Q: 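Structure below; questions to follow.
All of these numbers come straight from a predicted model, not from anything done at the bench. The analysis underlying the following values was restricted to heavy atoms, covering all of them including side chains, and did not include hydrogens, waters or symmetry mates.
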Amino acid sequence: RLTLWNNRKMSKIGNSVQACVSWMPCHNGQIPHNAIEVGGGVFIARANIEGCMTPGKAAHGHECGFFAHGGDEHCINSCEVLVDTGLHAFGSEHHWEYACDGNVPKRALVGGYICGSNEPMYVARAQIDGDWVAGKVAGSHNCGFFPYGGKEHILREYEVFCLDKC
């Protein structure tokens with residue numbers, strides 16, 4: 001699994017390999033250039049909620065990012081958005097891969113951690129009422145969690161964001 005730390009530069013995997021994505025600050029709905037879209041104008045985001053970095057979504061026209069936590073959808077004004085920083089010499093450097101029941105594929109992007117246990121939460125997407133939504137998957141929960149319509153939606157099937165060669 002790939003872990004990317006926020007250093008506002010191209011992220012590193014381990015001690016030396018550079019990744020093709022980075023987390024960039026997003027305040028009051030200002031989506032950074034080259035933000036990675038999940039579909040329908042919705043972008044991958046993450047924010048600190050109760051001391052835990054949690055994957056979720058951001059979109060143009062909204063002054064906050066939206067994150068599923070504790071059964072609710074939380075609106076956070078200051079978050080980070082995942083940005084494509086790759087060179088694209090060999091085409092796309094990331095893809096979405098189907099998964100279900102808390103499973104995640106190889107090369108899945110870690111977007112945060114569960115408080116207390118430090119279990120990784122992976123970046124995921126799903127469609128709810130025809131709209132694309134970005135959220136999180138944690139293996140121990142056997143599902144994905146997605147913010148939509150003011151609450152947290154729990155889904156067994158989703159797609160996980162994975163990195164290819166960068």
Q: Using the rule that two of Ile, Leu, Val, Met, Phe, Trp, Tyr join whenever any of their side-chain heavy atoms come within less than 4.5 Å, decide whether V38 and F43 are in one cluster.
A: no
Q: Please report the closest heavy-atom contact between F146 and A68, naming both atoms and the distance.
A: C-CB, 3.8 Å
Q: Under a 3.5 Å threshold, yes or no: a donor from one side chain and an acceptor from the other, between D164 and H95?
A: yes
Q: So, taking the atom named SG in C100 and the one named OH in Y158, what distance separates them when rounded to the nearest 0.5 Å?
A: 6.5 Å
Q: Where do E157 and Y98 land on the side-chain hydrogen bond (donor to acceptor under 3.5 Å, both in side chains) test, with the steps shown first?
A: CA-CA 8 Å; E157 297 182 84; Y98 171 84; 2.5 Å; yes
Q: Take N142 and N103, measure what side chain to side chain contact (heavy atoms under 4.5 Å, CB included) needs, and give me the verdict at the end.
A: CA-CA 7 Å; N142 300 320; N103 294 307; over 6 Å; no
Q: Decide yes or no on side-chain hydrogen bond (donor to acceptor under 3.5 Å, both in side chains) for N77 and H27, but give the supporting numbers first.
A: CA-CA 6 Å; N77 287 338; H27 303 285; over 6 Å; no
Q: State, to 0.1 Å, how close S78 and A47 come at their nearest heavy-atom pair, and which atoms those are.
A: O-CB, 4.3 Å
Q: So does K151 pair up with E73, basic N to acidic O under 4.0 Å?
A: no
Q: Among the clusters formed by ILVMFWY side chains lying less than 4.5 Å apart, do F161 and V42 turn up in the same one?
A: yes
Q: Within the structure provided, determine whether L163 and C20 are in side-chain contact (heavy-atom separation under 4.5 Å).
A: yes
Q: Does the separation of the ring centres of F145 and H153 fall below 6.0 angstrom?
A: no
Q: Could you list all the side chain to side chain donor-acceptor pair (under 3.5 Å) pairs where at least one residue sits in residues 50-64, not counting sequence neighbours?
A: E50-H69
Q: Is it true that F67 and V137 fall in one hydrophobic cluster, defined by side-chain heavy atoms closer than 4.5 Å?
A: no
Q: At their closest point, which heavy atom of A134 faces which heavy atom of P147, and how far apart are they?
A: O-CD, 3.3 Å
Q: Are I114 and I49 connected, step by step, through hydrophobic side chains (Ile, Leu, Val, Met, Phe, Trp, Tyr) whose heavy atoms are closer than 4.5 Å?
A: no
Q: Indicate the atoms forming the closest heavy-atom contact of P105 with E97, along with that distance.
A: CB-OE2, 3.2 Å
Q: If you compare the SG positions of C64 and C75, is the separation below 2.5 angstrom?
A: yes
Q: When you check the gap from the basic side-chain N to the acidic O, do D101 and R156 get nearer than 4.0 Å?
A: yes
Q: Taking all atoms of both residues into account, what is the closest heavy-atom pair of P32 and C26, and its distance?
A: CD-CB, 4.4 Å
Q: So do W23 and L82 actually touch side chain to side chain, heavy atoms under 4.5 Å?
A: yes
Q: State the CD-OH distance between Q127 and Y148, to the nearest 0.5 angstrom.
A: 10.0 Å
Q: Is it the case that the side chain of Y122 and the backbone of C162 share a donor-acceptor pair, with hydrogens and angles ignored and the cut-off at 3.5 Å?
A: no
Q: Checking R125 side chain against E159 main chain: does a donor-acceptor pair fall under 3.5 Å?
A: no
Q: As an exercise, state the distance from SG of C79 to CD1 of I44, rounded to the nearest 0.5 Å.
A: 12.5 Å
Q: Would you name the heavy atoms of G111 and R46 that are closest together and state the gap between them?
A: O-CD, 3.2 Å
Q: Between E152 and D72, is a side chain to side chain contact (heavy atoms under 4.5 Å, CB included) present by the stated rule, with each step listed?
A: CA-CA 5 Å; E152 177 178 66; D72 296 317; 5.8 Å; no
Q: Are V123 and W132 connected in the hydrophobic side-chain network, where two residues link if heavy atoms are under 4.5 Å apart?
A: yes
Q: Just one of T85, V21, D84 clears the side-chain contact (heavy atoms from CB on, under 4.5 Å) bar with E93, so which one?
A: D84
